Amino acid sequence: MPDAINKVTIDMTVNGRKFRRQVEPRMLLVEFIREELGLTGTHIGCDTSYCGACTVQLNGAPVKSCTMFAVQADGCEVLTVEGLEKDGQLHPLQKSFSEHHGLQCGFCTPGMLMATHALLEENPHPDRYAIKKAIAGNVCRCTGYQNIIKAVEAVAASSKEA
Amino acid sequence: MYPAPFRYHRPTSLKEAILMLSTLGETAKPLAGGQTLIPILKLRMDEPTDLVDIGRLPDLRFVKNEGGWIEIGALSPHGWIARSDIAKTVPIVKDCAGGIADAQVRSRGTIGGSVSAADPNCDWPALLNTLDAEIRCSGPEGDRTIAIGDFITEAYTTALQPGELVTSVRFRTPPAGSGGAYIAYKKAAAAFPVISVGVQMTVAPGNVCQDVRIALGGSGPTPRRAEQAEAELCGKALNSQVWQHAADAVAAIAEPTDDVRGSSEFKRQLLRGLFLKAGDTATRRSANAIIEGSHVYA
């Protein structure tokens with residue numbers, strides 16, 4: 001173990017707000033989000049890069065924040081589940097999860113939302129296969145996934161009408 | 001789970017990174033996307049004193065198709081490769097890049113990291129063997145190019161010297177009439193493949209196999225070429241009997257381990273099926289058929 005570990009100063013924009021913090025290099029991005037910034041919507045499920053509950057968007061791309069150091073996100077834009085709601089209104093994807101019973105206990109939901117939000121940003125009208133591919137790295141133990149897929153399909157269909 | 005403490009360095013050029021890694025010595029590790037390294041650190045299976053973050057080095061995220069070679073920069077993430085022009089022109093690359101783990105891991109994990117990790121079950125080493133690729137490296141002694149078969153020397157072990165980094169991988173652009181497929185069997189997206197097979201072949205009119213390369217993942221400590229199976233196919237008109245003989249030859253050289261992912265015999269049987277499926281897809285793609293996503297999930 002090295003004798004002295006210097007903290008590293010990092011700048012990060014999280015949900016549109018700029019933050020500067022000094023962190024230990026080994027601090028994981030998920031711990032930074034939850035413990036330094038107090039944004040506890042991002043969950044730690046497996047802590048082994050398997051379950052996807054910790055999914056956030058990093059410069060738009062979905063990433064598992066338990067498998068990334070906060071220092072690696074220096075200078076980046078991070079979007080967490082708290083960033084989806086606008087002016088007290090739930091994001092259409094959040095509403096759709098509620099309407100289609102796309103959650104039960106809700107533990108996986110922040111990760112599911114961020115994974116599918118990233119999908120819809122890249123591909124506003126995904127087919128069923130693309131939706132399944134997008135949540136292949138997110139584990140849900142309640143819903144059986146079908147209602148999550150329906151929730152995302154409904155948002156894709158409504159933006160098609162608009 | 002926190003990794004053990006380490007010092008963090010972020011060099012701004014490849015040259016600086018190499019110098020830093022050479023000076024710090026073997027207790028320093030390069031960090032690119034971190035999708036292999038960070039889980040290892042969190043389990044404290046390794047406790048490096050220093051991490052050299054090469055993830056942002058300039059000019060190492062690229063794909064090129066020039067002068068008969070396709071070259072992919074070491075810091076290209078899997079998902080980015082899957083959406084690149086190369087993935088459109090060489091479908092076997094899309095099979096591999098777009099099928100690795102899940103979307104989140106594909107955002108961060110890089111081809112250079114995957115090939116340097118040299119996990120016996122991971123996708124890029126098997127795919128790069130199928131394409132007879134070369135690994136380009138840069139280190140304190142200069143640049144060198146190593147054939148993939150010589151690059152991965154043992155399980156989790158490569159020919160990289162201390163301070164040396166992979167900068168790109170390259171392989172010959174497949175000619176017209178050449179088609180390929182890479183198929184892995186996975187228990188879940190985020191899990192490592194149980195076993196995998198890549199086939200790249202050129203089929204002449206009359207359904208005659210002109211040229212073929214077959215490589216297996218998870219079938220030994222390093223990716224394994226199925227040379228006997230290639231000989232069973234080469235120069236022959238392809239029919240089910242020829243394919244069955246080739247599948248026998250594939251199964252015969254595979255030595256998958258008995259482990260939590262399945263028994264050795266189960267994996268060998270699985271490999272036969274995956275090989276026949278990959279062969280069928282490769283044959284149809286050689287006639288320009290468009291066939292998407294081919295991995296098999298439990």
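This one's a predicted model, so the numbers in the text were calculated from it and none came from an experiment. Chain identifiers are assigned alphabetically (A, B, ...) following the order of the sequence lines, protein sequences preceding nucleic acid strands; residue numbering begins at 1 within each chain.
- In this structure, A:Ala73 and B:Arg56 approach most closely via the heavy-atom pair C-NH2, 3.9 Å.
- A heavy-atom distance below 4.5 Å is found between the side chains of A:Thr67 and B:Pro39.
- Using a distance-only test at 3.5 Å, with no hydrogens or angles considered, no donor-acceptor pair links the side chain of A:Arg26 to the main chain of B:Lys42.
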Between B:Leu51 and A:Gln72, is the side chain to side chain contact (heavy atoms under 4.5 Å, CB included) condition met? List the steps.
CA-CA 11 Å; B:Leu51 286 190; A:Gln72 290 178 287; over 6 Å; no
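- A:Ile10 contributes atom CD1, which lies 9.0 Å from atom OH of B:Tyr8 (distance to the nearest 0.5 angstrom).
- Closest approach of B:Gln104 to A:Gly137, counting heavy atoms only: NE2-O, 3.9 Å.
- Looking at A:Val63, both its backbone and its side chain come within 4.5 Å of chain B, counting heavy atoms on both sides.
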Run the side chain to side chain contact (heavy atoms under 4.5 Å, CB included) check on B:Asp102 and A:Lys64 step by step: do they pass?
CA-CA 10 Å; B:Asp102 48 55; A:Lys64 290 182 173 174; 2.6 Å; yes
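- Interface remark: A:Met114 contributes no atoms to any contact with chain B (heavy atom separation under 4.5 Å).
- Note on A:Cys66, A:Cys51, A:Ala134: by heavy-atom pairs under 4.5 Å with chain B, the leading option is A:Cys66.
- With chain A as the partner, the residue from B:Ala191, B:Ala101, B:Ala189, B:Ala190 showing the most heavy-atom pairs under 4.5 Å is B:Ala190.
- The residue among A:Met68, A:Glu24, A:Lys133 with the most heavy atom pairs within less than 4.5 Å of chain B is A:Met68.
- Distance check: B:Tyr2 OH to A:Leu28 CG gives 6.0 Å after rounding to the nearest 0.5 Å.
- Contact annotation for B:Arg7: both backbone and side-chain heavy atoms come within less than 4.5 Å of a heavy atom of chain A.
- For chain A, the nearby part of B:Leu31 is the side chain; its heavy atoms alone come within less than 4.5 Å.
- With a 4.5 angstrom heavy-atom cutoff, A:Leu119 does not touch chain B via any of its atoms.
- In this structure, the side chains of B:Leu41 and A:Phe69 come closer than 4.5 Å at one or more pairs of heavy atoms.
- Among the candidates A:Thr55, A:Ile5, A:Val139, A:Val71, the residue making the largest number of heavy-atom pairs closer than 4.5 Å to chain B is A:Val71.
- When each of A:Ala118, A:Pro62, A:Ala136 is checked for heavy-atom pairs under 4.5 Å with chain B, A:Pro62 comes out on top.
- Within the 4.5 angstrom heavy-atom criterion, atoms from both the backbone and the side chain of A:Asp47 approach chain B.
- Surrounding CD of B:Glu26 are at most 12 heavy atoms belonging to other residues, nucleotides or ligands under 6.0 Å away.
- More than 12 heavy atoms of other shown residues, nucleotides or ligands fall within 6.0 angstrom of atom NZ in A:Lys95.
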